[in-house]
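Please read the structure below before turning to the comments.
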Amino acid sequence: MLGWLPLALLLFDALAGRLSANPIQEVEQRLGRTALYFLLASLAVTPLTTLTGWRALPPRRRALGLYAFLYAGLHFATFVALDYGFDLPEILRLTGEKPFILVGFSAGFLLVPLAITSFDHFVRKMGKRWKRLHRFVYIIAPLVIVHYGWAKKGDLFALRGDILQPLLWGMLVLLLLVLRLPAVRKWVSHLRQKITSVKSV
Ligand code: HEM
């Protein structure tokens, strides 16, 4: 239900004429941001489970990842179909001119095998290779942050207002990745066990 909510809200706003003066751009940006939020939510499952011990989270990870893929696909489709009317030469020209689009393409391309192999059949069939493949998400998330930051106009290293949002999301990505490091993970679960044992005394 939660997964479809951003799409429903977007459709509702579009039908109610509540989009900005540049509706295609707004749709494209909202879909891109939603894809990022779901991607980060799927990345947060393991650290949150380590921190809280909440076992209800891991079964939701696949759905979160698939929603990230769905919104990234719709974001891509909006760019290709609505924004550029399938004008391939123009899309290629623009991609050469604005490398952030190439970064987006790379992130989107890497998401495809993860989405395809997210089903139980592949988890069983691929064994250890499945885990290795799904570690691509550690590359995809930083790529999306670079894509986001770069899309927010030109110079990624000039700290303007526009860059603040991608920078904050980038810091969250970094935190989520650090929390996955085996040593950090071990320390966190040790800390949690200590806290729960103090509580139960
Ligand atoms: C698949 C190829 C992709 C293409 C061609 C693409 C294209 C674009 C374009 C043209 C913009 C700028 C929109 C504008 O400001 O007018 C953009 C922004 C953005 N894209 Fe992508 N993108 C791709 C993949 C992704 C993926 C995989 C994600 C996330 C999982 C993503 C997330 C974002 C975000 C967060 C923004 C910034 C939205 C904002 O300005 O608030 N993109 N993308």
Side-chain angles (χ1 to χ4, degrees), residues 2-7 9-10 13-14 18-45 61-118 133-174 176-177:
L2 204 73
W4 294 105
L5 194 65
L7 190 61
L9 286 175
L10 190 61
D13 284 346
R18 285 217 306 242
L19 296 178
S20 68
N22 188 343
I24 294 180
Q25 187 184 43
E26 186 178 339
V27 169
E28 202 173 312
Q29 291 179 338
R30 272 171 70 167
L31 290 169
R33 285 199 300 272
T34 310
L36 170 69
Y37 302 154
F38 277 108
L39 189 70
L40 295 196
S42 76
L43 205 60
V45 167
R61 183 175 20 216
R62 174 172 32 197
L64 291 170
L66 283 172
Y67 279 116
F69 181 67
L70 168 77
Y71 283 99
L74 291 173
H75 171 66
F76 170 73
T78 308
F79 169 72
V80 173
L82 295 184
D83 216 355
Y84 287 90
F86 297 102
D87 186 348
L88 199 62
E90 179 58 12
I91 289 172
L92 288 177
R93 192 196 60 76
L94 198 77
T95 306
E97 201 177 276
K98 296 183 175 178
F100 84 85
I101 296 177
L102 194 65
V103 179
F105 269 130
S106 316
F109 180 72
L110 288 174
L111 270 178
V112 175
L114 303 202
I116 293 174
T117 59
S118 68
L133 177 72
H134 281 253
R135 285 199 183 120
F136 270 144
V137 73
Y138 307 149
I139 300 170
I140 296 170
L143 276 178
V144 170
I145 295 298
V146 172
H147 171 67
Y148 186 2
W150 218 336
K152 289 301 198 192
K153 300 299 167 242
D155 191 353
L156 193 58
F157 300 101
L159 272 179
R160 281 190 246 107
D162 275 8
I163 207 77
L164 199 65
Q165 289 258 340
L167 200 71
L168 292 176
W169 287 110
M171 279 156 68
L172 181 64
V173 167
L174 192 69
L176 292 175
L177 294 182

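Note that the coordinates shown come from a computational prediction; the quantities given were computed from them, not determined experimentally. Along the sequence shown, the residues carry numbers beginning at 1. Counting starts at 1 for both ligands and their atoms, in listed order.
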Please tabulate, for the side chains in residues 34-43, all donor-acceptor contacts under 3.5 angstrom to protein atoms that are two or more places apart in sequence or on a different chain.
from  : atom 1 : to    : atom 2 : distance (Å)
Thr34 : OG1    : Arg30 : O      : 2.6
Ser42 : OG     : Leu39 : O      : 2.8

OH on Tyr84 to CD1 on Ile24, rounded to 0.5 Å: 10.0 Å

query: When you measure from atom 16 (O) of ligand 1 to every protein heavy atom, which one gives the shortest distance, and what is it?
result: Gln25 NE2, 3.0 Å

field: Partners passing salt bridge (charged side-chain N to carboxylate O under 4.0 Å, His left out) against Arg18 (at least two apart in sequence or in another chain)
entry: Asp13

Could you pull out every donor-acceptor pair under 3.5 Å between side chains of residues 73-82 and any protein atom, sequence neighbours left out?
from  : atom 1 : to    : atom 2 : distance (Å)
His75 : ND1    : Glu28 : O      : 2.7
His75 : ND1    : Gly32 : N      : 3.4
Thr78 : OG1    : Leu74 : O      : 2.6

- prompt: If waters are left out, how many protein N/O/S atoms lie within less than 2.8 Å of atom 21 (Fe) of ligand 1?
  reply: 2

query: Under 3.5 Å, side chain of Tyr67 to main-chain N/O of Leu2, donor-acceptor pair present?
result: no

query: Just by distance, do the side chain of Arg62 and the backbone of Ser118 share a donor-acceptor pair under 3.5 Å?
result: yes

field: Protein contact to atom 40 (O) of ligand 1 [nearest heavy atom, distance to 0.1 Å]
entry: Lys152 NZ, 2.9 Å

- request: Indicate yes or no for a side-chain donor-acceptor contact from His147 to the backbone of Val103 under 3.5 Å, with no hydrogens or angles considered.
  value: no

query: Just by distance, do the side chain of Glu26 and the backbone of Leu19 share a donor-acceptor pair under 3.5 Å?
result: no

statement: re atom 14 (C) of ligand 1, the protein heavy-atom contact at minimum distance is Gln29 NE2, 3.4 Å

query: Looking only at protein heavy atoms, which one is nearest to atom 39 (C) of ligand 1, and how far off is it?
result: Arg33 NH1, 3.4 Å

- request: Please could you name the atoms of ligand 1 that Phe105 approaches to less than 4.0 Å, counting only its heavy atoms?
  value: 2 (C), 3 (C), 5 (C)

